[in-house]
Amino acid sequence: METGRFAPSPSGRMHLGNLFCSLLAWLSAKSTGGRVVLRIEDLDPLRCPRAFADEIEQDLAWLGLAWDEGGSLGGPHGPYYQQERTALYAGACDMLAARGLTYPCFCSRAQLHAASAPHRADGTPVYPGTCRALTRAEQAAKARVRPPALRLAVPDERVEFVDGHLGRYAEDLAKDCGDFILRRSDGVHAYQLAVVLDDAAMGVTQVVRGADLLSSTPRQLYLYRLLGLPAPRFYHLPLLTDAKGRRLSKRDGDVSLETLRQRYAPEQVVGRLAFLAGLQGEPAPRTAKSLLDGFAWEKVPKEDIRIPEGLF
Ligand code: GLU
């Protein structure tokens with residue numbers, strides 16, 4: 001019996017990719033007789049107003065994807081809004097700092113992007129370690145000008161894991177990831193840290209999410225190890241693309257939930273998503289519940305999934 005989760009970032013309305021991911025996370029956990037937790041990843045208070053989180057709950061409910069705890073429903077592992085969990089994140093930062101594993105970083109975003117450093121699999125630059133060797137006096141002088149971010153110093157070590165869907169994946173922490181941020185200079189904690197602490201605290205045993213986060217997983221697994229927490233099993237999903245092969249994003253207004261809800265009944269959306277997921281041979285209407293029996297990860301494609309013209 002697995003515990004899965006929905007972990008939406010309420011910086012806007014969900015798009016088809018989010019729905020696809022939510023449906024598969026739900027089917028994966030529920031098909032084992034398990035549970036689903038809803039955690040609202042609203043770390044950045046300016047980008048994630050509560051109204052958006054409420055809208056996401058309504059959209060998930062409309063699709064027929066009920067969760068067992070979390071969000072406004074509450075439950076034994078709350079609070080379920082990351083904005084209300086900052087004490088947990090701050091405590092972990094303090095603990096890692098006390099172990100000498102972190103350092104303050106004063107680099108601006110512009111400086112980071114200007115550096116001709118190698119880039120990570122997700123396209124962001126690998127931090128070149130500029131602030132790693134600052135003396136205490138240098139740190140104090142810089143802190144008078146600019147509040148620092150907090151970075152985790154990573155060792156020159158390979159992290160390898162077997163994704164439940166995509167198979168073996170590995171990265172060299174120093175070369176492919178670099179020292180990464182735990183807390184931004186404006187005090188907002190980083191996704192990488194929060195997601196690890198929260199999934200562990202909420203008893204999550206399986207994480208189903210888009211393949212755009214595959215390259216975050218080695219960093220997260222390293223944090224699980226440092227913090228002495230049990231890691232969940234990861235299942236990364238192929239990303240949806242439009243008929244031209246472009247990956248969907250929140251900017252694609254034509255596939256927003258608002259449009260979908262005007263055009264279709266929930267079963268029509270679930271049925272089309274199940275078709276894209278390889279769970280049925282045609283886009284016939286289905287309820288999420290009716291898909292539980294036939295669910296198997298082997299049926300789900302591993303490559304990006306092109307949405308045929310006119311399907312939605
Ligand atoms: N909050 C992230 C998103 O909406 C998902 C993070 C995760 O699943 O680990 O993209």
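In this text, all values refer to a predicted model and were calculated from it rather than measured experimentally. Ligands are counted one by one from 1 in listed order, and the atoms in each one are counted from 1 as well.
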At under 4.0 Å between heavy atoms, is it the side chain or the backbone of V207 that contacts ligand 1, or both, or neither? neither
So which bit of R5 gets within less than 4.0 Å of ligand 1, heavy atoms only: side chain, backbone, both or neither? side chain
With clusters built from Ile, Leu, Val, Met, Phe, Trp and Tyr whose side-chain heavy atoms come within less than 4.5 Å, directly or transitively, what are the remaining members of the cluster of L134, listed by chain and number?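 Cluster partners of L134: F106.
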Students often mix this up, so state it plainly: with edges at 30° and 60°, are the rings of W297 and H165 parallel, tilted or perpendicular? tilted
Of all the atoms in ligand 1, which lie at a distance below 4.0 Å from a heavy atom belonging to [X]?
{"X": "V195", "value": "9 (O)"}
{"X": "E41", "value": "1 (N), 2 (C), 5 (C), 6 (C)"}
{"X": "R209", "value": "7 (C), 8 (O), 9 (O)"}
{"X": "L213", "value": "5 (C), 6 (C), 7 (C)"}

Evaluate whether atom CZ of R132 has more than 12 neighbouring non-hydrogen atoms of other residues, nucleotides or ligands under 6.0 angstrom away.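 Above 12, so yes.
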Hey, is CG on D186 packed in by over 12 heavy atoms from elsewhere, all under 6.0 Å? yes
Can you tell me if E2 and T205 form a side-chain donor-acceptor pair at under 3.5 Å? yes
Just by distance, with hydrogens left out, do E171 and Y222 show a side-chain donor and acceptor under 3.5 Å apart? no
Please determine if R184 and D44 form a salt bridge, counting it only when a charged side-chain N lies under 4.0 Å from a carboxylate O.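 Salt bridge present between R184 and D44.
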Please determine whether any non-hydrogen atom of Q220 lies less than 4.0 Å from an atom of ligand 1. no
Can you find an N/O atom of A7 closer than 3.5 Å to an N/O atom of ligand 1?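 Between A7 and ligand 1, an N or O pair is found under 3.5 Å apart.
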So is Y191 polar-close to ligand 1, meaning N/O to N/O under 3.5 Å? yes
